[in-house]
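I'd like to ask you about the structure that follows.
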Amino acid sequence: MPNPVVVLVVDDEPLIRLSITADLEDEGFIVFEAGTADEAIEVLELHTEITLVFTDVDMPGSMDGLKLAAFVRDRWPPIKIIVTSGHRQPSVEQLPQGTPFLKKPYVSGEVVTMIRELLTD
């Protein structure tokens with residue numbers, strides 16, 4: 001049996017975070033959560049088994065999701081990243097190379113498919 005996929009969901013909206021976390025867990029993923037980029041970095045430092053970060057763009061704190069994505073790419077290059085937002089459509093230049101963007105509202109099945117595709121590359 002393959003190792004479970006470990007995902008970090010970063011979103012400042014608790015209901016959205018809870019919903020996608022539950023959906024991903026139902027699909028067999030192990031999921032950690034963070035409400036800000038700062039929390040996300042703490043979780044990443046504690047849990048080296050995380051293979052993918054799914055982050056919202058607009059969040060309070062010292063950095064938004066785009067800065068978090070760039071930080072993760074620089075510090076933990078093997079970790080895959082998916083960026084989402086209901087307010088902003090980042091340009092390709094704003095996203096780390098190989099990072100897909102998913103517009104909110106998304107369907108959890110889209111997220112699951114995107115995660116599986118990213119991790120099979």
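For reference, positions follow the sequence shown, starting with 1. Fair warning: this is a prediction, and the values are worked out from it, not measured in the lab.
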Determine whether D64 and K67 make a side-chain contact, defined as any pair of heavy atoms from C-beta on separated by less than 4.5 Å.
yes
Members sharing I41's hydrophobic cluster, built from side-chain contacts under 4.5 Å between Ile, Leu, Val, Met, Phe, Trp and Tyr, are V6, L8, V10, I30, F32, V43, L44, I50, V53, V57, M59, M63, L66, L68, F71, V72, W76, I79, I81, V83, L95, F101
Are the side chain of E39 and the backbone N or O of G35 linked by a donor-acceptor pair below 3.5 Å?
yes
On a heavy-atom basis, which atom in P100 and which in G98 lie closest, and how many Å separate them?
CD-O, 3.3 Å
Salt-bridge test for K80 and E117: reply yes if a basic N is under 4.0 Å from a carboxylate O, no otherwise.
no
So OG1 of T36 and CG of D12: to nearest 0.5 Å the spacing works out to 9.0 Å
Check the pair F54, F29 against ring-ring contact (aromatic ring centres under 6.0 Å, His included), reporting the backbone distance first and the verdict last.
CA-CA 13 Å; F54 180 65; F29 298 110; over 10 Å; no
Linking directly or through intermediates, with side-chain heavy atoms under 4.5 Å: list the remaining ILVMFWY members grouped with V92, chain and number order.
none
Would L119 end up clustered with V111 when hydrophobic side chains under 4.5 Å apart are linked, directly or stepwise?
yes
Distance-only donor-acceptor check, side chains T84 and D56, under 3.5 Å
no
Tightest non-hydrogen contact, residues P96 and A70, listed as CG-N, 3.9 Å
Salt bridge check: are K104 and D11 linked by an N-O gap of less than 4.0 Å?
yes
Which Ile, Leu, Val, Met, Phe, Trp or Tyr residues join L15 in one cluster when any pair of side-chain heavy atoms under 4.5 Å counts as a link?
none
State, yes or no, whether a side-chain contact exists between L24 and V112 at a heavy-atom distance under 4.5 Å.
yes
Closest non-hydrogen atoms of S85 and D58, given as atom of the first, atom of the second and distance, are OG-OD2, 3.7 Å
Can you tell me how far the OG1 atom of T113 sits from the CD atom of E27, to the nearest 0.5 Å?
8.5 Å
Decide yes or no on side chain to side chain contact (heavy atoms under 4.5 Å, CB included) for H47 and E42, but give the supporting numbers first.
CA-CA 9 Å; H47 298 281; E42 288 177 23; over 6 Å; no
Nearest non-hydrogen partners of P4 and G28, listed with the distance:
CB-O, 4.3 Å
Drop me the distance from L118's CG to T99's OG1, to the nearest 0.5 angstrom.
8.0 Å
Given side chain to side chain contact (heavy atoms under 4.5 Å, CB included), test I115 with V5 step by step and report yes or no.
CA-CA 9 Å; I115 290 171; V5 174; 4.3 Å; yes
